[in-house]
Number of protein chains: 2
Amino acid sequence: MQLRMTNQREIILRELKKSRQHLSADELYDKVKKYMPRISLATVYRNLEILSEAGLIGKLEISGRQKRFDYDVTDHDHIYCVVCHRVDNLNIERQGLHTKEIKSAKGYSITGYRLEIVGICPVCQKKAKKEKKK
Amino acid sequence: MQLRMTNQREIILRELKKSRQHLSADELYDKVKKYMPRISLATVYRNLEILSEAGLIGKLEISGRQKRFDYDVTDHDHIYCVVCHRVDNLNIERQGLHTKEIKSAKGYSITGYRLEIVGICPVCQKKAKKEKKK
DNA sequence: TTACAATTAGTAATTATTATCAAAACTGGA
DNA sequence: TCCAGTTTTGATAATAATTACTAATTGTAA
Ligand SMILES: [Mn+2]
Ligand SMILES: [Mn+2]
Ligand SMILES: [Zn+2]
Ligand SMILES: [Zn+2]
């Protein structure tokens, strides 16, 4: 059985791609509601899961917080702000991560990996400076 | 103000170290109850947070699931099983992760990073094989 | 059309965690 | 040792994010 592209799926997908951000289900729900006011939050959750399963979008499960969905399915890593939880894309060298060591780690069969750089975004750095002045 | 080592904190810490696993709050709660039957789950949550804040234990926030706490505070990475959610330690080469590229990524000030290898553990691989036979 | 399957909206239930708060335990002087 | 103030605890309520349920709606394909 293959994916059936319903109206709600189409709009969810379109709005995520359009945003070029890493949105959570409820953020996307707010955007989608503008075009489809009667859509249910459960439908957004359900379809985000289905769309990511189908490989049309990415799913980020970051640091115990809300899941975020990615408009970009190509291979890349992320950096996120511990203050405001904003997520940005990151393209860094990945050598040293494909060694035999990993391939045979502890008898696991490896399916992938997640690299998350953690830090404070420029906006939050500025805010922190202003706070200090007070 | 520095950390006051209460009975409950001592036992929580002791049981985590003893386990040599990456336990969740409720798993640890079960262990601690054996020695302190009247302890509350909230106390376990509260103190795990405090102990990790104090640097006595590590905190893993993995893949949108439950938090897990680490008996080992030295630098290392993790591998986890997508099937049973078991977490194991991993010591891999980290070169390629300390480049200037990262240090200046998107204007962020970097505080750290998390690398998670994802896969299927030996136990779950075996189980999957047995399932197939049926 | 008509039956069968898939999807939806709305809502309830669940899971993990955090907040609240009165009671208990601990602290450092008098 | 006692006391007043501070911290911590246990019990429970509240919250946040997600998932489950279900009847109604929609799509499909003969
Ligand atoms: Mn991305
Ligand atoms: Mn570890
Ligand atoms: Zn920020
Ligand atoms: Zn496993």
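Quick note on labels: first sequence line is chain A, next is B, and so on, each numbered from 1. Just so you know, these numbers use all the heavy atoms, side chains as well, and skip hydrogens, waters and symmetry mates.
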Rounded off to whole Å, could you give me the [atom1]-to-[atom2] distance for the [X] and [N] pair?
X: B:Glu61; N: C:dA16; atom1: CD; atom2: P; value: 15 Å
X: B:Leu23; N: C:dA16; atom1: CG; atom2: C1'; value: 16 Å
X: B:Lys33; N: D:dT9; atom1: NZ; atom2: C1'; value: 16 Å
X: B:Leu3; N: C:dC26; atom1: CG; atom2: C1'; value: 14 Å
X: B:Tyr45; N: C:dT17; atom1: OH; atom2: C1'; value: 5 Å
X: B:Glu10; N: C:dA25; atom1: CD; atom2: P; value: 17 Å
X: A:Tyr29; N: D:dA17; atom1: OH; atom2: C1'; value: 14 Å
X: B:Met5; N: D:dT7; atom1: CE; atom2: C1'; value: 15 Å

Counting side-chain heavy atoms from CB outward, which of [options] is closest to [X]?
X: A:Ala42; options: C:dG10, C:dA19, D:dT9; value: C:dG10
X: B:Ser40; options: D:dG10, C:dG10, C:dT7; value: D:dG10
X: A:Gln66; options: D:dT18, D:dT19, D:dG10; value: D:dT18
X: A:Leu41; options: D:dG10, C:dT7, D:dT18; value: D:dT18
X: B:Ile39; options: C:dT18, D:dG10, C:dA9; value: D:dG10

Is the phosphate of [N], meaning OP1 or OP2, less than 4.0 Å from a side-chain N or O of [X]?
X: A:Gln8; N: C:dA9; value: yes
X: B:Asn7; N: C:dA25; value: no
X: A:Thr43; N: C:dA9; value: yes
X: B:Lys67; N: C:dT18; value: yes
X: B:Thr6; N: D:dT8; value: no

Handout entry: First encountered from the 5' end of DNA chain D, between B:Val44 and B:Arg4
Key =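 The 5'-side residue here is B:Arg4.
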
Practice task
Classify the ring geometry between A:His22 and A:His76 as parallel (under 30°), tilted (30 to 60°) or perpendicular (over 60°).
Solution key: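 Rings of A:His22 and A:His76: tilted, as their planes differ by 30° to 60°.
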
Problem - Passing candidate, side-chain contact (heavy atoms from CB on, under 4.5 Å) with A:Glu27, options A:Glu15, A:Arg68, A:Gln21 - result: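 Testing each of A:Glu15, A:Arg68, A:Gln21 against A:Glu27, the sole residue satisfying side-chain contact (heavy atoms from CB on, under 4.5 Å) is A:Arg68.
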
Practice task
Name the nucleic acid region contacted by B:Asp26, choosing base, sugar-phosphate or nothing; use a 4.0 angstrom heavy-atom cut-off, strictly under.
Solution key: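 Here B:Asp26 touches no strand at all.
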
Problem - Point-to-point distance, once rounded to the nearest 0.5 Å, from NZ of B:Lys34 to CD1 of B:Ile11 - result: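 Rounded to the nearest 0.5 Å, the NZ-CD1 separation comes out at 13.0 Å.
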
Handout entry: Any donor-acceptor N/O pair under 3.5 Å between C:dA9 base and A:Arg46 side chain
Key =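 Donor-acceptor pair under 3.5 Å: yes.
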
Handout entry: Under-3.5 Å donor-acceptor pair between A:Arg38 side chain and C:dG10 base
Key =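 No, no donor-acceptor pair under 3.5 Å.
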
Problem - Any side-chain donor near an acceptor of the partner, B:Asp26 and B:Tyr45, under 3.5 Å - result: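 No pair is found: no donor N or O on one side chain lies under 3.5 Å from an acceptor on the other.
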
Practice task
Starting from the 5' end of DNA chain C, give me the residue, B:Arg68 or A:Ile50, whose nearest nucleotide shows up first.
Solution key: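 Counting from the 5' end, the first nearest nucleotide belongs to A:Ile50.
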
Problem - Step-by-step side chain to side chain contact (heavy atoms under 4.5 Å, CB included) determination, A:Ile117 to A:Leu90 - result: CA-CA 9 Å; A:Ile117 309 290; A:Leu90 207 57; 3.3 Å; yes

Exercise for the section: Cation-pi check, A:Arg86 to B:Tyr108: give yes when NZ or CZ is under 6.0 Å from the six-membered ring centre and within 45° of the ring axis, no otherwise. Expected result: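 Checked: cation-pi criterion not met.
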
